[in-house]
Amino acid sequence: MSLSDPKIPFNKPYLTGKELHFVAEAHSNGQLAGDGEFTKLCSTWLEERIGCEKALLTHSCTAALEMAAMLSGIEPGDEVIMPSYTFVSTANAFVLRGGVPVFVDIRPDTLNIDESLIEAAISSRTRAIVPVHYAGVACDMDRICDVARQHGLLVIEDAAQAVLASYKGRALGSFGQLGCYSFHETKNIISGEGGALLVNAPELADRAEIIREKGTNRSSFFRGQVDKYTWVDVGSSYLPGEVISAFLWAQMQDARAITARRLEIWNDYHSGFASLEQMGRLRRPVIPDGCEQNAHMYYLILNGLEERSRFIEFMRQRGISCVFHYVPLHSSPFGQSRGRVSGHCLHTDDLASRLVRLPLWIGVEQVQARIIDSVTDFFMQGGA
Ligand SMILES: *Cc1c(COP(=O)(O)O)cnc(C)c1O
């Protein structure tokens with residue numbers, strides 16, 4: 001390993017090469033505001049693949065989650081069950097409506113919400129369950145949807161990382177009444193910032209459009225369903241402009257190929273670390289039966305916080321950027337003041353301190369052997 005080896009970033013956004021072509025087309029179409037031709041192409045693409053009632057492009061997954069919180073009619077004091085091991089927007093969207101996040105521990109195998117602990121977290125104030133499909137690996141949606149049905153709760157999937165991943169053959173984001181996708185540049189299919197709200201429950205579709213259009217019935221007006229366009233509900237501006245949608249459309253053309261290439265990289269890491277796992281040096285990700293993942297992330301579970309810090313530093317010295325992930329929300333200052341823990345979050349605390357993510361982007365194949373060798377060196381040459 002020499003100092004002249006190029007540095008390997010943790011993430012590098014992938015461009016298909018067609019983005020600027022479609023952006024130029026959006027420019028010459030003359031409509032730059034949202035809900036033009038490219039936005040329609042992207043929503044139709046999503047609706048066809050997911051089989052949802054309606055897919056509404058948003059400017060982020062955060063925006064889609066905020067819309068979902070409004071649509072679920074969360075009122076101050078209402079409780080929403082979610083994992084603590086997630087991105088802040090999962091909780092913040094509900095806190096903005098006065099909701100209380102109730103944090104449930106994760107399963108040690110997938111780091112997804114432990115479905116067997118959900119029932120114990122339900123109170124008379126519970127309104128919704130928000131499963132997060134960590135790393136694009138599905139939560140146990142059969143069990144979660146059963147519990148929700150029995151208790152009359154909504155299911156809102158935070159499927160930010162789960163574009164083109166599925167559970168028992170069905171797209172993630174299609175199980176709950178609502179699902180939320182992200183097209184942020186750190187995700188698999190990107191538009192810089194971007195997202196979508198997937199509306200699976202037909203009775204929520206009209207109101208979802210209204211909330212996204214500043215609380216007006218502009219969308220039905222343009223369809224000729226009402227004769228004037230006016231303020232009818234709460235809402236905000238959640239739609240992306242056409243330039244963003246044009247960019248996203250280029251990515252959608254190649255979405256299958258992007259996923260396939262990421263899966264190859266994922267599989268090469270997975271087989272590269274098999275013997276270290278057999279020797280008990282680390283733990284690799286677990287993909288339960290029935291989960292078709294999208295290779296959003298490759299992570300390793302190390303033996304402790306101190307080892308992880310040394311690992312990240314060891315890799316950094318070799319020019320390889322590896323990063324940990326969430327500070328669990330129940331241990332964050334705002335999570336402590338606005339949320340509560342149901343039972344305990346022992347696996348959350350433990351795994352959050354031991355997980356490390358490796359670079360996974362299209363092009364990393366060229367230097368992947370160097371990454372795998374460096375990880376191996378760490379564990380075999382006394383770094384560990
Ligand atoms: C990325 C992410 C979000 C937020 O997505 P944005 O599009 O950046 O708003 C929300 N939840 C999870 C689990 C994420 O990974």
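Atom set for the values below is all heavy atoms of this structure, side chains included, hydrogens, waters and symmetry mates excluded.
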With no hydrogens and no angle check, just 3.5 Å: does a side-chain donor-acceptor pair link [X] and [Y]?
X: Arg354; Y: Asn303; answer: no
X: His184; Y: Ser182; answer: no
X: Tyr298; Y: His270; answer: yes
X: His296; Y: Tyr134; answer: no
X: Gln251; Y: Ser191; answer: no

Could you go through the salt bridge (charged side-chain N to carboxylate O under 4.0 Å, His left out) check for Asp78 and Arg97 one step at a time? CA-CA 9 Å; Asp78 285 348; Arg97 313 249 67 80; over 6 Å; no

Give the cluster check for [X] versus [Y]: same hydrophobic cluster or not, with ILVMFWY residues linked at side-chain heavy-atom distances below 4.5 Å.
X: Val104; Y: Leu329; value: no
X: Val102; Y: Leu154; value: no
X: Val147; Y: Val80; value: no
X: Phe378; Y: Leu355; value: no

Measure the acute angle between the ring planes of [X] and [Y], then classify it against the limits of 30° and 60° as parallel, tilted or perpendicular.
X: Phe87; Y: Tyr326; answer: tilted
X: Phe273; Y: Tyr269; answer: parallel
X: His325; Y: Tyr85; answer: perpendicular
X: Phe311; Y: Phe379; answer: tilted

Salt bridge between [X] and [Y], side-chain N to carboxylate O under 4.0 Å?
X: Asp114; Y: Arg107; answer: no
X: Glu264; Y: Arg261; answer: no
X: Arg340; Y: Glu79; answer: yes
X: Glu277; Y: Arg281; answer: no
X: Arg149; Y: Asp146; answer: yes
X: Glu209; Y: Arg223; answer: yes
X: Asp35; Y: Arg218; answer: no
X: Lys168; Y: Asp142; answer: yes

Examine Arg170 relative to Phe175 and say whether NZ or CZ is less than 6.0 Å from the centre of the six-membered ring and inside a 45° cone about the ring axis.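 Flagged: Arg170 positioned over aromatic ring of Phe175.
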
Take atom [atom1] in [X]; do more than 12 heavy atoms of anything else shown fall under 6.0 Å from it?
X: Phe10; atom1: CZ; value: yes
X: Gln253; atom1: CD; value: yes
X: His151; atom1: NE2; value: yes
X: Glu292; atom1: CD; value: no
X: Leu15; atom1: CG; value: yes

For the atom pair CE (Met141) and OG (Ser166), what is the distance rounded to the nearest 0.5 Å? 12.5 Å

Are Phe22 and Phe38 close enough that their ring centers fall under 6.0 Å? yes

